[in-house]
Amino acid sequence: MSQKKSLIHLLGSCEKHEFDRVVKSYLKEVYSYNRVINTDGKDDIGLDMKVLDASGCTYQYQLTVQKSSTAKEKNALKDKIFKDVQKAKENCNDGYKNILFFFYSYPLTNKLKRDYKREALKDYEIQLEIIDANQIAEEAEDLANLKKSIYSLSDISEFKTSSFEDGKKNHLIYDLVSFGKTSEIKLEIVKAYILQELYIRTSLTSKDIEQSCTTNFKSSENNVFYNKLLQNLYNVEQKILYDKKSKMYSLTETTRKEISNTNEQINIEESHFVNQIGAILKENNIGIYNRLLLNIL
């Protein structure tokens, strides 16, 4: 699954209070608004959110997480949008601009967005800007903090009992590498481990790398094995750099970015997995077992 599709799936699993956080992050990262408050309630004059920054305080903001899969749901969504458009028109009498930003946690077709924008302008004199899951996901691909706010929705860190940095000795993959003779699989695993170590610790000497591998893989390979492997990563694959003065290895910028993107994608997939489990449990009225099941997994 692509990163964009994963982000869209996560947005679609949002509850209202979670989507509130995403929209706040969007307004901060895309428009540089730092003072955003929720106003959803009886006295919200039709606005779900307000920006207190001077440059955005007269624009109007609405959001929803209601589905639009069936014809009935699509009609309900349209009703919601144009009720908010009507409120936006009324708010213009109180000093607000005729611009309504409408955030939606699911994707909409470009045609539907164009039709709604045309109708809002023609019948209500309101400039409607619909920011759906597609647009939010596209922006998030280039904005790290927005992306983080989306895939942190499931609070997956609460359920992680180990990570690449912690509990390494208990990881089954290290035991696998400890067995038998050198093989292509073993080499690839050790190379991946070295690259991850350089990603975490920035720079290491060949002795540091050898010691870390020996400790975590419980192996007894000689330094020739590691020197050849590092030379391959440096000369052939060109994934690492070598500083002759400090005798330290480090990642190339390209490799560091590749690992960062991979780690982010893993977080997104994990968060989506957690949210899907929670949704299934809730549908079957056993949501109270969500934490227990995730701890087991």
Side-chain angles (χ1 to χ4, degrees), residues 1-38 40 48-51 53 55-56 59-69 77 81 99-114 116-117 128-160 163-164 199 253-279:
M1 184 183 293
S2 70
Q3 185 176 93
K4 181 181 175 182
K5 285 183 179 179
S6 297
L7 289 165
I8 290 172
H9 276 296
L10 283 171
L11 289 167
S13 66
C14 280
E15 294 185 6
K16 172 66 168 56
H17 69 280
E18 294 172 327
F19 195 49
D20 284 344
R21 298 207 310 263
V22 173
V23 172
K24 280 185 177 182
S25 178
Y26 185 96
L27 290 171
K28 180 178 181 180
E29 299 303 321
V30 176
Y31 294 106
S32 300
Y33 295 149
N34 293 306
R35 301 171 63 204
V36 183
I37 60 172
N38 292 331
D40 189 16
D48 288 330
M49 199 163 282
K50 289 184 70 175
V51 171
D53 301 72
S55 57
Y59 297 134
Q60 305 188 58
Y61 307 89
Q62 295 281 12
L63 60 97
T64 189
V65 296
Q66 65 187 70
K67 295 181 179 180
S68 59
S69 301
L77 175 64
I81 291 174
I99 299 174
L100 173 62
F101 289 89
F102 190 93
F103 291 87
Y104 187 47
S105 63
Y106 293 92
L108 291 174
T109 65
N110 288 329
K111 182 181 184 306
L112 195 61
K113 288 193 286 185
R114 286 197 302 270
Y116 287 171
K117 290 172 72 172
L128 176 63
E129 298 293 335
I130 299 176
I131 301 171
D132 68 343
N134 271 317
Q135 185 170 338
I136 296 171
E138 285 177 3
E139 297 281 9
E141 286 186 297
D142 297 321
L143 297 169
N145 288 333
L146 176 57
K147 187 188 302 180
K148 184 177 179 180
S149 75
I150 296 172
Y151 68 66
S152 67
L153 292 174
S154 63
D155 295 324
I156 192 169
S157 59
E158 294 182 18
F159 308 109
K160 288 186 177 179
S163 67
F164 205 93
Y199 178 79
E253 284 302 314
T254 300
T255 304
R256 178 166 290 278
K257 188 173 181 180
E258 286 175 356
I259 294 175
S260 177
N261 289 339
T262 299
N263 288 342
E264 287 179 356
Q265 184 62 24
I266 289 170
N267 281 330
I268 291 171
E269 297 287 355
E270 287 179 334
S271 295
H272 177 54
F273 175 67
V274 169
N275 282 333
Q276 290 299 96
I277 289 176

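The figures here come from the full heavy-atom set of this structure, side chains too, leaving out hydrogens, waters and symmetry mates. Positions are given from 1, in the same order as the sequence printed here.
For the pair Asp48/Val23, no side-chain contact is recorded, criterion being any heavy-atom separation below 4.5 Å from C-beta on. Residues Tyr199 and Arg256 form a side-chain contact, since some pair of their non-hydrogen atoms from C-beta on lies under 4.5 Å apart. With a 4.5 Å cut-off on side-chain heavy atoms, Asp132 and Gln135 count as touching.
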Leu128 vs Lys113, side chain to side chain contact (heavy atoms under 4.5 Å, CB included): CA-CA, chis, key distance, verdict: CA-CA 9 Å; Leu128 176 63; Lys113 288 193 286 185; over 6 Å; no

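The residue from Tyr104, Phe19, Tyr106 that alone fulfils the side-chain contact (heavy atoms from CB on, under 4.5 Å) condition with Leu11 is Phe19. Of the residues His9, Glu141, Glu138, the one that meets the side-chain hydrogen bond (donor to acceptor under 3.5 Å, both in side chains) test with Lys4 is Glu138.
Annotation for Pro107 and Ala133: closest pair N-CB, 3.7 Å, computed over non-hydrogen atoms. A pairwise comparison of heavy atoms in Leu108 and Asn134 identifies O-ND2, 4.1 Å as the closest pair. Between Ile150 and Leu7, the closest heavy-atom pair is CG2-CD2, 3.9 Å.
For Tyr59, the OH atom is loosely surrounded, since the number of other residues' heavy atoms within 6.0 Å does not exceed 12. No more than 12 heavy-atom neighbours from other residues, nucleotides or ligands sit within 6.0 angstrom of NZ on Lys148.
The distance from atom CD of Glu18 to atom OG of Ser149, rounded to the nearest 0.5 Å, is 11.0 Å. For the atom pair OH of Tyr26 and CG of Asn145, the computed distance is 15.0 Å after rounding to the nearest 0.5 Å. The distance from atom CG of Leu146 to atom CD1 of Ile136, rounded to the nearest 0.5 Å, is 7.5 Å. Atoms CD1 and OH, from Ile81 and Tyr116 in turn, are 5.5 Å apart once rounded to the nearest 0.5 Å. In this structure, CD1 in Ile130 is found 11.5 Å from CZ in Arg114, a value given to the nearest 0.5 Å. To the nearest 0.5 Å, atoms NZ (Lys147) and CD (Glu139) are separated by 12.5 Å.
Note on ring orientation: taking the six-membered ring where Trp is involved, the planes of Phe101 and Phe103 are parallel (angle under 30°, cut-offs 30° and 60°).
Using a 4.0 Å cut-off between charged side-chain N and carboxylate O, Lys24 and Asp20 make no salt bridge.
In this structure a side-chain-to-backbone donor-acceptor pair under 3.5 Å is missing from Ser25 to Arg21.
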Can I get a per-line list of side-chain donor-acceptor pairs under 3.5 Å for residues 27-36, giving both atom names and the distance, sequence neighbours left out?
none

